[in-house]
Each structure stands twice: as structure tokens, then as C-alpha cells.
Amino acid sequence: MSAVLIVAEHDGQTLHTGVARVASCGLAIGADRLDVAVLGRDCGDVAQQAAQIEGVSRVLCLDRGENANPLAAVQAPQIAALAGIGYSHVLGPSTTFGKDLMPRVAALLGVPQVSDIMSVEGERRFKRPIYAGNAVLTVEAPAEHIVVGTARLASWPAAAEGGEAAIEEAQTDAELPDHTSWLELKSAESERPDLQSASVVVSGGRALGSSENFSLLYDLADRLGAAVGASRAAVDAGYVSNDMQVGQTGKIIAPDLYFAIGISGAIQHLTGIKDAGVIVAINKDPEAPIFEIADIGLVGDLFAIVPEIQAAVEGS
Amino acid sequence: MRKILVTLKRVVDYNVRVRVKPDGSGVAVEGLKMSVNPFDEIALEEALRMRERGEAGEILAVTIGGDECQQQLRTGLAMGADRALLVKCEGEVEPLAAAGILLEVIRREEPDIVIMGKQAIDDDCNQTGQMLATLWGRPQATFASEVKLNGDTARVTREVDAGLETLEVRLPAVITTDLRLNEPRYIKLPDIMKARRKPLETLEADDMGLTAPPALKALAYEPPEQRQKGVVVEDVPALMGMLRERGFLN
């Protein structure tokens, strides 16, 4: 008998798309009960969205002023208190939010954490990547202890919509610290789809040569309704901002279609895209490692090829 | 003056590609080049810069493991740490156990700031800093890309999925580093010589009176599934044709 509690990531208005993926992981554990905890202030809309995930039993709303912004030190004691009322598993997404928060929950509960769950082999048995994805480790969580884990989002499909879970107000008497203050979040404003949930992603590497040249990719992405990503080399060269980085040290993504343009294919980049549906690689170097994993490769000058693709898409 | 504790983990060098042993019993690391975990080097570099700006005094580098880890502590001393401490411990040390040991070190040393890598590039757990902050009852600022100290607070900009988030934490606190916080310095030969004379202390984890926390059991190791190499097309029309065949761009 498993009862799984999922910690919802959200921005105050919108539920993170990863929560439905974590729900799939929870269902794979064989949860008899799958509850979602929404911590926030005036987070009714987010709770509504969580209630629509297929398979969710209840949504627990912890609505209080201290939860206005997501602070791990403030959220963890509340999650740990909730977890203590009959849950066998507590799961979060393996995003910067979940990576920050869940080890704090695990430490409060005095249990180890299983990071980046990529598959469920049993109620307490999971596979997870180590060494930047160069090896896969099967681990077993200790019996008679609550299991705390993060789900590697690219490994899990989003659970369907159409659920009608009950929404309940929840309270804990957890003592909350005041040693951490949230000051601000600076997001790069973008009309484009979110990199982590987009079905098509166009990424550029160092071969783009400048931030101006990235406009080639933005134009193509806009035509395809795609998100734009970048290799670490392009980010380090200052062509684009950090939050666009795809790879082991950036975002791990699994779009249906991925364009790697002017990206050589360092292992740390490949780790971030290996669950993509179809990978298209465009590179002038026929020996580039990206061609080893690409489904469709095209060798040549990206500055000639990308406009040609753009024209072909526009003409269709 | 603020005292800073930095943790250094001995890991397989990031340039080396590891392989799973044929019998699935582990990852073959024997004879491979070992280094300081790159995120931990960034942590030490940040501490050194704080000291150079007059914001910090003593810097202590700590690791947990066997005698071979002295090598990584000597690297830390050569980079500029003032002292080093090896907590000797056999076998795999999981994040929760490491956090428990580090808490004991904190009780002895009473640092104002603990700076750690956000994750080690071997087990990729990304947990120890957060767990240590929790056991210590202190704030954490993970995935830091900028740290500004001001009196008894630190203002830390964090690399989060949505962009850059800024927190203010009261010290003492745990800060974990992301890649773009700084670029660690290169070690010069005279620094290596100087590091030999710096103090390196050893403690036994067994003498700390800790109870081992519950741990995960490693059952099997396997290589990742490989993607198959696809086809190379001649030109854009061929590429577009293949994409349409697969149901894209229609």
C-alpha cells in the first residue's frame, strides 16, 4: 500500500508542467493514494490545475503568507509535517525548485533521497543516472522509512488531464524559520514556449558566432512554434542567457523534435537531450559527435542551411 | 573576521569518461585520474576571493574519505586554503551521512559560511549542502551565481530554471555553487611547495559518536541506453522530406 505526496511547483498562477510528469512517476509506484501539496498564497487557481491531473486523489492547499514565494527553508518543515500523516513516498520534480527543496525534506525526516528517478522498478526500487548519465544505478530505499525522491522529468510522460480531485485546505503546526528572505526573480521575458515543455526546440552552439546571429534561430523557432535553447559553449561565450542552456548542467529536456544547430555534441549536452523524440543535427564538421546520436544529420554551413529551412517551412 | 569552511570531494576527473564494469557491480574507477569536484573548486575560489576582498579570514578545506583524499586537500591548500581537515571514513558516504559528519566539524570549527559545490560529478546527487543546512538549522542558498556579503547577511543570486533569483540569508549559512559563480585559478608551482607546509589534520569519523543514518542500497549498475545513429541527408529538401514523413512540420 503506497500513499504518495507530490510537492507542486508553481509560480503563483500556473502549475509547472512537470507536476503531471511527477504524477506519472507516483502512479508507477502503484500509489493507492496520490495527493498533491500546493504551498502558496491565494493559490486556488494552481490547486484547480493540480486537481485536473488524472490519478490525483486530493489536492492539499497550504495557503499562508509565508508561502508567497518558494523558499526551501520555509516549505520543507511544512512538507515534512504533512508527510508524517500516513505517506509512504514524497516526490518532487528534479528542477531547481525540487533539487533545492527535497533534500531539506529528506533531512528533516532523517532519510536518504533518491535523486532523478528515471524509472520505478518496485515500491522502493528505482533507477537513476550517475556520472552525468554515463551509468545507470538501481537503488533500493530502506524499508520502514518514508521514501523521498525527485523525478527526472524527461523520463516521464505527463499524466493526462481530466481528473476531478477534491481540494482541501491543510494546516500544519510546523515552526517556520525567518532567516531567509526572498528578494526577486529576474526572468528573461519571452513570448516563446517554455524550453522544458516545448514539443519542438531549436538550439544553437558556439558556431553561431555571436548573439546577433542567434536571431536566425529565433526566426526559425517562431515559425515552428518552438522554444530556443543553447549549448553550454554558446552560453559561456555570452551569446545567450544561462536559462537557455540545455545539458547536464542546464536543462534536461525531451521534446518531440530537437534541432542541434552548430553544436558539436559534448557529452554534457548529449545528456540533456537523449530522451528527445527526433534529433536533427546541422554541423559543418562531419566528425562532430552530435552525428553519432542524431536521427537526421545534415553536414554543411548553418548560415546557408537555416535560412533554407526557414524558406522551406514558410513555403509549405 | 568571517571564517569559511569549504568542502572538497575527490572524484574522477571531469575529462575522463567512466564505464560500468562488465559484471554490473560498479563503475570502473581504478587507475583513473582523480581530481577535486569542479563545483567544489568554484566553492574554494569564491572563499579565496572573499578573503582577498577583506571579507573573510581563515579558510578551512574539509573532505571525507580515505587517506588518498589528502591529495585533493593538498590541491585545496595549494589554491590558497589555510588549513585542511580529512575526516577518515571507509566506503561509500551518502549525502545524509556526509551532512551528519560535516555538522560535527561545524560544531568544532564554528564557521560563518559553508561553501560547497552544488553537486558532485560522480553520484550527481545534489543533496549534501541542503541536508547540512537543515541539520544545522541554518539557511541555504543553492546554485549561486553571485554572492555579496554585508554584515551578518549574504545576498545570493541563484541560477533557477526561470532565470535568476535573489535571496538574502542570515549568517551562518550554507551556499552551494553553480558553474558561473567564478572561474577557479590555476595553481602555480611555488604554491604547491607552500601547501606542503600547511596544516592537514585527520579525524576518524568513527570517533565522532555518530549513528549511521538509513541509507540507500546500490543493487546494480548498467550502461545507459544508447541512441542509434541515424542517417545523414544530402540537402535541405531531403531533410524536410524526412521530417514530413515522420509527421512533423505538416
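Each chain gets a letter, A, B and so on, in the order the sequences are listed, and its residues count up from 1. Since the model is a prediction, treat every value here as computed from it, not as a measurement.
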Enter the distance from A:Asp275:CG to B:Arg227:CZ here, rounded to the nearest 0.5 Å. 8.0 Å
Could you verify whether a donor N or O on one side chain and an acceptor N or O on the other, from A:Arg104 and B:Gln127, lie under 3.5 Å apart?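 There is no such pair between these side chains.
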If we count only N and O atoms by modelled type, under 3.5 Å, do the side chains of A:Trp182 and B:Glu165 hold a donor and an acceptor together? yes
Do [X] and [Y] make a side-chain contact, defined as non-hydrogen atoms from C-beta onward lying under 4.5 Å apart?
X        : Y        : value
A:Gln113 : B:Leu216 : no
A:Thr249 : B:Phe39  : yes
A:Arg125 : B:Leu219 : yes
B:Val27  : A:Tyr131 : yes
B:Leu243 : A:Leu257 : yes
A:Lys127 : B:Glu222 : yes
B:Leu239 : A:Ile296 : yes
B:Leu164 : A:Glu184 : no

Side chain from CB out, backbone as N, CA, C, O: work out which of these in [X] comes under 4.5 Å of a heavy atom of chain B, or both, or neither.
X        : result
A:Glu144 : neither
A:Ile273 : backbone
A:Val200 : neither
A:Asp11  : neither
A:His179 : both
A:Asp178 : both
A:Leu71  : side chain
A:Ala141 : both
A:Lys251 : side chain
A:Arg223 : neither
A:Arg128 : side chain
A:Ile279 : both
A:Ile309 : both
A:Glu121 : neither

[Y]/[X] salt bridge by N-O under 4.0 Å criterion:
X        : Y        : result
A:Asp100 : B:Arg158 : yes
A:Asp295 : B:Lys229 : no
A:Lys274 : B:Glu225 : no

Against chain A, label [X] side chain, backbone, both or neither, depending on which of its atoms sit under 4.5 Å from a heavy atom there.
X        : result
B:Ala215 : backbone
B:Met131 : both
B:Pro224 : both

Quick check against the 3.5 Å criterion: does A:Asp243 have a side-chain atom that pairs as donor or acceptor with the backbone of B:Asp161?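 Pair absent, no side-chain N/O of A:Asp243 close to backbone of B:Asp161.
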